[in-house]
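The structure appears right after this line, and notes come after that.
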Amino acid sequence: MEIKDLRGPGGREIAAYGSRGLTAEALVRSEGVALTVLRVVAGGEIGRHPTDVDQFLLVVFGRGSVQSGDGPWEPVEAGQLVIWRAGEVHTTRADENLTAYVLEAPDIGVI
């Protein structure tokens with residue numbers, strides 16, 4: 001057994017797509033599947049970009065807002081799951097420090 005503490009700061013800083021205040025810590029990388037912890041500081045943003053595959057963003061701490069395409073900004077907070085499908089352009093902002101787990105894989109089914 002192995003226990004990994006994900007509560008503190010970790011990962012590497014990401015500036016792609018104009019992101020600011022973002023770190024990413026890879027947990028799983030295998031053929032076609034990725035699981036990553038994203039941490040965005042209050043006032044930070046994950047820059048606007050398209051998904052390569054389906055993407056789930058599960059907010060586990062904090063609150064912010066998300067946008068798909070040119071649509072409205074939608075509030076999100078801990079306990080909520082955002083689903084973006086392959087090719088969907090999106091962005092995320094943090095109103096307060098935000099931590100989320102991101103699952104990326106092709107054709108993720110939702111039950």
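Reckoned from all heavy atoms, side chains included, excluding hydrogens, waters and symmetry mates. These figures come from a predicted structure and were not determined experimentally. Each residue takes its place number in the sequence, starting with 1.
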#### Entry: R85 backbone acceptor or donor facing T51 side chain under 3.5 Å
yes

### Message
Tell me whether T91 contacts the main-chain N or O of Q67 through its side chain, where contact means a donor paired with an acceptor under 3.5 Å.
### Response
no

Going only through I, L, V, M, F, W and Y residues with side-chain contacts under 4.5 Å, is there a path from [X] to [Y]?
X	Y	result
V66	L81	no
I46	V82	yes
L6	L57	no
V89	V53	no
V28	Y101	yes

Which atom pairs, donor and acceptor, lie under 3.5 Å between side-chain atoms of residues 69-79 and protein residues at least two apart or in another chain?
| unit_1 | atom_1 | unit_2 | atom_2 | d |
| --- | --- | --- | --- | --- |
| D70 | OD1 | R48 | NH2 | 3.1 |

Atom of [X], atom of [Y] and distance for their closest heavy-atom approach:
X	Y	value
L98	G64	CD1-N, 3.8 Å
V40	R20	CG1-O, 4.4 Å
I108	L103	CD1-O, 4.0 Å
P50	G87	CB-O, 4.0 Å
G47	S19	N-OG, 2.8 Å

### Query
Given side chains that start at C-beta, do those of L58 and F56 come closer than 4.5 Å, heavy atoms only?
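No. Closest side-chain heavy atoms not under 4.5 Å.
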
#### Entry: Test item: E104 and D52 side chains (from C-beta on) under 4.5 Å apart, heavy atoms
no

Distance in Å, [X] [atom1] paired with [Y] [atom2], rounded so as to fall on 0.5 Å steps:
X	Y	atom1	atom2	answer
I83	S68	CD1	OG	12.0 Å
N97	R63	CG	CZ	11.0 Å
L22	I14	CG	CD1	6.0 Å

### Task
Please determine, by modelled atom types, if T36 and R29 share a side-chain donor-acceptor pair under 3.5 angstrom.
yes

### Message
Just to verify, what does E45 make a side chain to side chain donor-acceptor pair (under 3.5 Å) with, not counting sequence neighbours?
### Response
R93

